[in-house]
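Below is one structure, written out as structure tokens, with a few remarks after it.
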Amino acid sequence: MSYTDEVYARVVAQNPGEPEFHQAVKEVLDSLQVVIDKNEEEYRSLSILERLVEPERIISFRVPWVDDNGVVQVNKGYRVQFNSAIGPYKGGLRFHPSVNQSILKFLGFEQVFKNSLTGLPIGGGKGGSNFDPKGKSDREVMAFCQSFMTELNKYIGADQDVPAGDIGVGGREIGFLYGQYKRIKGLYEGVLTGKGLTWGGSLIRTQATGYGVVYILDEIAKAHGDNLKGKTAVVTGSGNVAIYAVEKITELGATVVAMCDSNGYVYDPAGIKLDIVKDIKEVKRGRIKEYADRVEGAVYTEGKGIWNIKCDVYLPCATQNELDLDGAKTLVANGCKYVAEGANMPTTLEGTQYLQENGVLFMPGKAANAGGVATSALEMTQNSMRLSWSAEEVDAKLKDIMQNIFKKVDEAAKKYDMADNYVVGANIAGFEKVVDAMKAQGIV
Ligand code: NDP
């Protein structure tokens, strides 16, 4: 049995009931095979892989809060501090009913490589709760956030662990969390990113993940003598990442014809009008279905299946495992050329393999959506320096970071004779830096 297979078998045996974590580990270990084979003796003697797949620490806690009817509710809270070899733990908080330890471990594991790829000094972590902010009043969300932070504050800090937003955690939640941290600790420090612009936030952070996806996509196209002008695109989800991916790709001349939420999808052959989506999602917190009521010629379909819409570019920006093998087959049959993952692990292992084997240029989330965390790290820098950069400055840095990520990923794939295999490229490039730091820091 190869070293990577041994470690994978051990992960499955020692982490039962955690399929998402197994899946993330498998993807990484499989694509590291070529590097591991070259250094197997050294890595085995240092148990590099065994240490890499084991989080440094998992904090799990009770989050009691009182709802608007005066009833006490209890949720689970977590922070997975996965790897701090290259910097303080950094990664979002997710509030969604599906949150469990497996999902947060997969996200934390991915984050380690993603953060390494940005070239910035940040380790990997992730956290969250099975709390569902949907349908809750602002007061209920505040009560929950304050209770969550009352426990979490013990384990985080500007030089220790710096959480950010993720699914279900946007500006409102970050505000309530930050307020409670400041109240308990008496510190006005950059302990969270994604803050509001009047209290330490960075310009472009809101747009960064979506813009970054499109910046790297543009690099892929250019590297193949192509560009995004005139392309037809489908962007899944209609949250933070999706909205700003649509904004940027439209600016670069593509037409986005479909978006979705967890209930269904809208198809607008004339091109999605983003101001209407923003009004529905960012202002009214409504459903994507309302788009079809407001825009003539747009059609709403209940349920899954957005991949059936013909496109050149497909950007999955909703959630994990949203695109499976059947979806991938349909995309290929319809002539799709590019897939860049805005979400984390939105494509299943089989789906990814099929896309790659059928000539689709596929950029995995850990590279494609790294613009969000990179801009969070820029927010940390501005907080430490007590200054604010302009939107143009931050956007230019973001673009530069995404171009560099593409370069690193592309070069790593080519170095191991796997040109255009960006999954392998991203995993190897992210891995090499983390392992170098782990080796230098001894057995910790
Ligand atoms: P949001 O909560 O803002 O939006 C998520 C969107 O995805 C919503 O439109 C949601 O619809 C939709 N969605 C959720 N589940 C499904 C499903 N099963 N099928 C179809 N649509 C679904 O989250 P973000 O935009 O912030 O995050 C999206 C993804 O991007 C996540 O994987 C996240 O980890 C990743 N990411 C986010 C970053 C960020 O900076 N925000 C950074 C890097 C990665 P509904 O409203 O119905 O739930």
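Remember, it's 1-based here, ligands and their atoms both numbered in the order they're listed. Keep in mind that the numbers below use all heavy atoms, side chains included, and drop hydrogens, waters and symmetry copies.
Counting atoms of ligand 1 from 1 in the listed order, those under 4.0 Å from a heavy atom of G168 are 2 (O). Atoms of ligand 1 lying under 4.0 Å from any heavy atom of R94, numbered from 1 in the order shown and given with element: 31 (C), 32 (O), 33 (C), 34 (O). For ligand 1, the atoms sitting less than 4.0 Å from at least one non-hydrogen atom of A318 are 7 (O), 12 (C), 13 (N), 21 (N), 22 (C), 28 (C), 29 (C), 31 (C), 32 (O), numbered in the order shown with element in parentheses. Per-residue contacts place S262 under 4.0 angstrom from the following atoms of ligand 1 (heavy atoms of the residue considered): 11 (O), 16 (C), 17 (C), 19 (N), 20 (C), 21 (N), 22 (C), 45 (P), 47 (O), 48 (O).
With hydrogens left out, the protein atom closest to atom 33 (C) of ligand 1 is D166 OD1, 3.1 Å, a heavy atom. Nearest non-hydrogen protein atom to atom 24 (P) of ligand 1 is V241 CG2, 3.8 Å. The nearest protein atom to atom 32 (O) of ligand 1, hydrogens excluded, is given as N344 N, 3.2 Å; this is a heavy-atom distance. Shortest contact from atom 46 (O) of ligand 1 to any protein heavy atom: R287 NH1, 3.5 Å. Looking only at protein heavy atoms, the nearest one to atom 20 (C) of ligand 1 is D261 O, 3.4 Å. Protein heavy atom in closest approach to atom 6 (C) of ligand 1: G239 N, 3.9 Å. Taking atom 48 (O) of ligand 1 as the reference point, the nearest protein heavy-atom neighbour is K134 NZ, 2.9 Å.
Backbone and side-chain nitrogen or oxygen atoms of N369 are examined, and none is located within less than 3.5 angstrom of a nitrogen or oxygen of ligand 1. Here's the thing with H96: none of its N/O atoms is less than 3.5 angstrom from an N/O atom of ligand 1. In terms of N/O distances under 3.5 Å, ligand 1 is not approached by Q320. For ligand 1, the polar-atom distance check against S238 finds a nitrogen or oxygen pair separated by under 3.5 Å. Where the criterion is an N or O separation shorter than 3.5 Å, residue side chain and backbone included, N263 fails it with respect to ligand 1. Residue contacts with ligand 1: C317 is placed with no nitrogen or oxygen under 3.5 Å of a nitrogen or oxygen of the ligand (distance criterion only).
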Show your working on side chain to side chain donor-acceptor pair (under 3.5 Å) between K105 and N15 and close with a plain yes or no.
CA-CA 10 Å; K105 279 168 73 179; N15 301 272; 2.6 Å; yes
In sequence, state the C-alpha distance, the side-chain angles, and the governing distance for N334 and W307, and then conclude on side chain to side chain donor-acceptor pair (under 3.5 Å).
CA-CA 9 Å; N334 283 339; W307 51 80; over 6 Å; no
Report the C-alpha separation of Y291 and D268 in whole Å, then their side-chain angles, then the decisive distance to 0.1 Å, and conclude whether the side chain to side chain donor-acceptor pair (under 3.5 Å) test is met.
CA-CA 9 Å; Y291 183 93; D268 184 352; 2.6 Å; yes
Would Q180 and N153 satisfy side chain to side chain donor-acceptor pair (under 3.5 Å), going step by step from the backbone distance to the final call?
CA-CA 9 Å; Q180 185 72 352; N153 86 87; over 6 Å; no
D218 vs K248, salt bridge (charged side-chain N to carboxylate O under 4.0 Å, His left out): CA-CA, chis, key distance, verdict
CA-CA 10 Å; D218 196 36; K248 187 53 75 178; over 6 Å; no
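A distance-only check finds no donor-acceptor pair linking the side chain of K281 to the backbone of D279 [under 3.5 Å].
The number of heavy atoms from other shown groups lying within 6.0 Å of NZ (K399) does not exceed 12. The number of heavy-atom neighbours closer than 6.0 Å to NZ of K222, taken from other residues, nucleotides and ligands shown, is above 12.
Under the 4.0 angstrom criterion for non-hydrogen atoms, R205 is in contact with ligand 1. Residue contacts with ligand 1 do not include K304, since none of its heavy atoms lies under 4.0 Å from the ligand.
Ring pair F148/F131: centre-to-centre distance not below 6.0 Å. Aromatic ring centroids of F82 and F109 lie under 6.0 Å apart. Ring to ring, Y178 and Y188 are close: their centroids are under 6.0 angstrom apart.
Taking only non-hydrogen atoms, the option from I167, T319, N240 nearest to atom 17 (C) of ligand 1 is T319. The option from V277, T193, T209 that lies nearest to atom 42 (C) of ligand 1, judged by heavy atoms, is T209.
Residues forming a side-chain hydrogen bond (donor to acceptor under 3.5 Å, both in side chains) with K134 (at least two apart in sequence, or on another chain): none.
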